[in-house]
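Notes for the one structure printed next.
Since the model is a prediction, treat every value here as computed from it, not as a measurement. Chain identifiers are assigned alphabetically (A, B, ...) following the order of the sequence lines, protein sequences preceding nucleic acid strands; residue numbering begins at 1 within each chain.
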There are 2 protein chains.
Amino acid sequence: MSGLRNRPPLATIHDVAQLAGVSIKTVSRVVNREPHVSAGTRARVDRAIQVLNYRPNIAARTLAGSRAYLVGLYFDNPSAGYVSQMQSGALRACRAAGYHLVIEQLAGSSVEVQNQLRQSLAAVRMDGVVLSPPVCDRGEVLDLLDALAVPHVRIAPARELGRGPYVCMDDGRAAQEMARRLLALGHRRFGFIKGHPDHAAAEIRWRGFANALAAAGLILGPRDTWQGDFSFRSGSEGARRLLSRGPRPTAIFASNDDMALGAIAMAHRLGLRIPDDLSVAGFDDSPGAEAVWPPLTTIRQPVAEMTAGAVNMLIDGHGPGRSEPQLFDFELVVRGSTGPPPIVDLAAGL
Amino acid sequence: MSGLRNRPPLATIHDVAQLAGVSIKTVSRVVNREPHVSAGTRARVDRAIQVLNYRPNIAARTLAGSRAYLVGLYFDNPSAGYVSQMQSGALRACRAAGYHLVIEQLAGSSVEVQNQLRQSLAAVRMDGVVLSPPVCDRGEVLDLLDALAVPHVRIAPARELGRGPYVCMDDGRAAQEMARRLLALGHRRFGFIKGHPDHAAAEIRWRGFANALAAAGLILGPRDTWQGDFSFRSGSEGARRLLSRGPRPTAIFASNDDMALGAIAMAHRLGLRIPDDLSVAGFDDSPGAEAVWPPLTTIRQPVAEMTAGAVNMLIDGHGPGRSEPQLFDFELVVRGSTGPPPIVDLAAGL
DNA sequence: CCCTATATAGACAACGTTGTCTATCCAGCT
DNA sequence: AGCTGGATAGACAACGTTGTCTATATAGGG
């Protein structure tokens, strides 16, 4: 394909310079908002740009030096629920700054991931990259990025904090708050469905939940938890196990919405009414959370805002020393899937 | 930010040429698999490339001529369910061909969309673009693309067929088949929830469904249909209306899964059992389809494969004349949300 | 009014690759 | 041996922008 070959020529900086009667370099100065241009000249150039509909060519800019006006967004699994929200936020921030977004999937073994990353960074020399979980926690990725001196901002990393800037949310406190809410409703027997062990956030959510329960004098044993992997299927399987034991839990907290949805589906299948017989809570406020009956009580992460923030950190340029993490607030969204435990349990608990 | 400034220099074609003891142009020939290079020279160059871990710089390639090794994916709403599947397919095809993917959102008024498109095409000169619904049906987008001579492939367009290549699925036949299936189960009273009027596929699905019913002697009146907009909420609202009339429909077909999910949620709320009291069918096989109880009977579109196909059409280069649409097969996925109508209705219908 | 400092603008060389044109080499003819 | 032609390789000029250095106006101070 000779895509570029036969296209009608677009206006170049040269055309603008000619029309405005100034040098190419001066147009460049205007476009890049550099100083040393008088107001009059600036206005003339701006008008010429308007007339010719001129837009600087990214490839030429990249080649000539400074910036690439390209930001990379790397993720592991493109169909994870939060990816579309991340993109939405990233696109918004990019557009506002005149940047463009390149997306890239990074999956497989350590060596494969390194090769993919190296290839994409050498080919498309982006100004910086945003790393989403769980790839943001892979040491080899950070190593390579450091070696290549590619600026990066991580979204909700859980390991290797201190290795560069990131944006995050307090997952532990969110899980804690959810636990407190369930306790306040009167629940005393809980089931917890853990997330994928590769996502370190999964561990943090578990800790927060367990700590809040411990503070209330409750200890969750191995039979009260299930090792899931953030998938719908693992959630329904986990619920099946948790609900099959002797005194059933009256509330199940899953470390993400997909698994909570799986738990709800399983509860329906087992003939349990929600929230009368069983409360279910999730984490993420994914699109599916509103698309079940009853709608899911969950934790809303401002994923789009976090990602937009990450892109802005990249573009605005986090100076050498200042790599302070930016903390975003979560929101506990109470919907119909949680309520008080069955009367009999409530009585027993009191 | 001076992203590119202080990075360790990557190997350039010049380094490779030096190490291999050939000219720069010869390395270029090897990299691009051009003829006129002897086997021996080719091997020497390949080894030098390996040793230096050389990767051609996209910006330089773009600037120098031919290809940009960049494909654009344009969509309207980044959180539409099918976007992640599209990306997955697009990324796969791009990686296989050594291309990279730039994503771009195109939303707003006609003028806004044109400006956004013009800006992104002038800045990032991609080899071609993939257009997803509903932007693929906007005349002004196609006009601009034609004027700029930017190759494009559309995904499931519904209007302006004949204006360039596209990939698609036979939505009408799929809706027909779903109708036949419901008829075969014994249903005679139907409700239909229409999709967003901007998506032309919505109309096609409705036609297919209505035609199949007409062939069985059934006519759907205005009270049997509801104008939705592909959102969960419009689905639940539609179901509420359809189910509130005199003799209730025994089956509801929604033009997409989100609305079908809304219908299921509303049925639950109204105390109807699915599929015993009401069958519900959707269209898309979105991630949520398996994440409800009972799981949704729906039409699976091979979205990832279609998009990969579109990217390949772009990269392989659809010659000037050959812009034949590529048709993909759908699959009717039967799950738990459909079944025979209630006995009393079945008896009445016979 | 001259000299200097400062704002403003231009000339020119990168940047890393590909397209085009030209030079060389060698085999196969006559 | 001389010539032709195809295969192979190199020289050189783009491509459109920015960085650096230099030249010119303009203002300010003695």
Side-chain angles (χ1 to χ4, degrees), chain A residues 1-7 9-18 20-45 48-49 52 54-70 98 121-125 127, chain B residues 1-7 9-18 20-45 48-49 52 54-70 98 121-125 127:
Chain A
M1 180 186 45
S2 59
L4 267 34
R5 184 52 33 83
N6 302 322
R7 294 199 198 160
L10 296 180
T12 70
I13 198 170
H14 185 261
D15 304 325
V16 177
Q18 204 156 27
V22 299
S23 82
I24 288 183
K25 182 63 215 187
T26 300
V27 177
S28 172
R29 273 192 267 264
V30 171
V31 169
N32 294 297
R33 293 181 170 66
E34 288 172 21
H36 305 311
V37 182
S38 70
T41 309
R42 194 176 292 273
R44 240 185 18 261
V45 171
I49 288 176
L52 295 176
Y54 167 75
R55 300 277 189 292
N57 177 326
I58 270 196
R61 283 180 140 184
T62 306
L63 198 54
S66 66
R67 297 143 63 158
Y69 293 92
L70 247 27
L121 289 174
V124 189
R125 307 209 60 191
D127 283 321
Chain B
M1 177 187 47
S2 58
L4 266 34
R5 183 53 31 84
N6 303 321
R7 295 199 198 160
L10 297 180
T12 70
I13 197 169
H14 185 261
D15 303 325
V16 176
Q18 204 155 28
V22 298
S23 81
I24 288 182
K25 182 65 214 186
T26 301
V27 177
S28 172
R29 273 191 267 263
V30 171
V31 170
N32 295 297
R33 294 182 170 67
E34 290 171 21
H36 304 309
V37 182
S38 71
T41 307
R42 191 176 294 272
R44 243 187 13 263
V45 171
I49 289 177
L52 295 176
Y54 166 76
R55 300 277 190 290
N57 177 326
I58 269 195
R61 282 180 143 184
T62 307
L63 198 54
S66 66
R67 302 155 44 170
Y69 293 92
L70 246 29
L121 289 174
V124 189
R125 308 209 60 191
D127 283 321

Note to self: Restricting to side chain to side chain contact (heavy atoms under 4.5 Å, CB included), what partner residues turn up for B:Ser38, sequence neighbours left out?
What the structure shows: B:Thr41
Check: Looking only at heavy atoms, which two atoms of A:Ala48 and A:Ala20 are closest? And how far apart?
Finding: CB-CB, 4.0 Å
Next item on the list: Could you walk me through whether B:Asn57 and B:Thr12 pass the side-chain contact (heavy atoms from CB on, under 4.5 Å) test, one step at a time?
Entry: CA-CA 8 Å; B:Asn57 177 326; B:Thr12 70; over 6 Å; no
Notebook entry, point to check: Do A:Asn32 and A:Arg61 have a side chain donor and acceptor closer than 3.5 Å?
Noted result: yes
Check: Just how far, in rounded Å, is C1' of D:dT18 from CD1 of A:Ile58?
Finding: 15 Å
Between N or O atoms, less than 3.5 Å apart, protein on one side and nucleotides 11-16 of chain C on the other: list the pairs.
from	atom 1	to	atom 2	distance (Å)
C:dC15	O2	A:Leu63	O	3.2
C:dC15	O2	A:Ala64	N	3.2
C:dG16	N2	B:Ala60	O	3.4

Next item on the list: Let me know the distance between CD1 of A:Ile24 and C1' of D:dT17, rounded to the nearest Å.
Entry: 9 Å
Checklist line | ring pair (Phe, Tyr, Trp, His ring centres under 6.0 Å) partners of B:Tyr54, counting only residues at least two apart | finding: none
Next item on the list: Taking all non-hydrogen atoms of both residues into account, name the closest pair between A:Val37 and A:Arg29 and its distance.
Entry: CG2-CB, 3.7 Å
Check: Can you tell me how far P of C:dT20 sits from NE2 of B:His36, to the nearest Å?
Finding: 13 Å
Next item on the list: Compare side-chain N and O positions of B:Ser28 against OP1 and OP2 of C:dT18 and report whether any pair is under 4.0 Å apart.
Entry: yes
Notebook entry, point to check: Closest heavy-atom contact between A:Leu52 and A:Ala11?
Noted result: O-CB, 3.6 Å
Item checked: Residue list, side chain to side chain donor-acceptor pair (under 3.5 Å) with B:Arg55, at least two apart or on another chain -> A:Gln119, B:Asn53
Checklist line | Selection: residues 37-44 of chain B, any non-hydrogen atom under 4.0 Å of DNA chain D | finding: B:Val37, B:Ser38, B:Thr41
Notebook entry, point to check: Which value, rounded to the nearest 0.5 Å, describes the distance between A:His36 atom NE2 and A:Lys25 atom NZ?
Noted result: 11.0 Å
Check: Would you say B:Ile58 and B:Leu70 make side-chain contact, with heavy atoms under 4.5 Å?
Finding: yes
Checklist line | End-to-end axis angle, where each axis spans five pairs of the helix from C:dC1-D:dG30 to C:dT30-D:dA1, to 10° | finding: 50°
Next item on the list: Using whole Å, report how far CD of B:Glu34 lies from C1' of C:dT18.
Entry: 8 Å
Next item on the list: For A:Gln18 and C:dG10, give me the distance from atom CD to atom C1', rounded to whole Å.
Entry: 15 Å
Item checked: Rounded distance (Å) that lies between atom C1' of D:dT18 and atom CG of A:Asp127 -> 14 Å
Check: What are the two closest heavy atoms between B:Thr62 and B:Arg125, and how far apart are they?
Finding: CG2-O, 4.3 Å
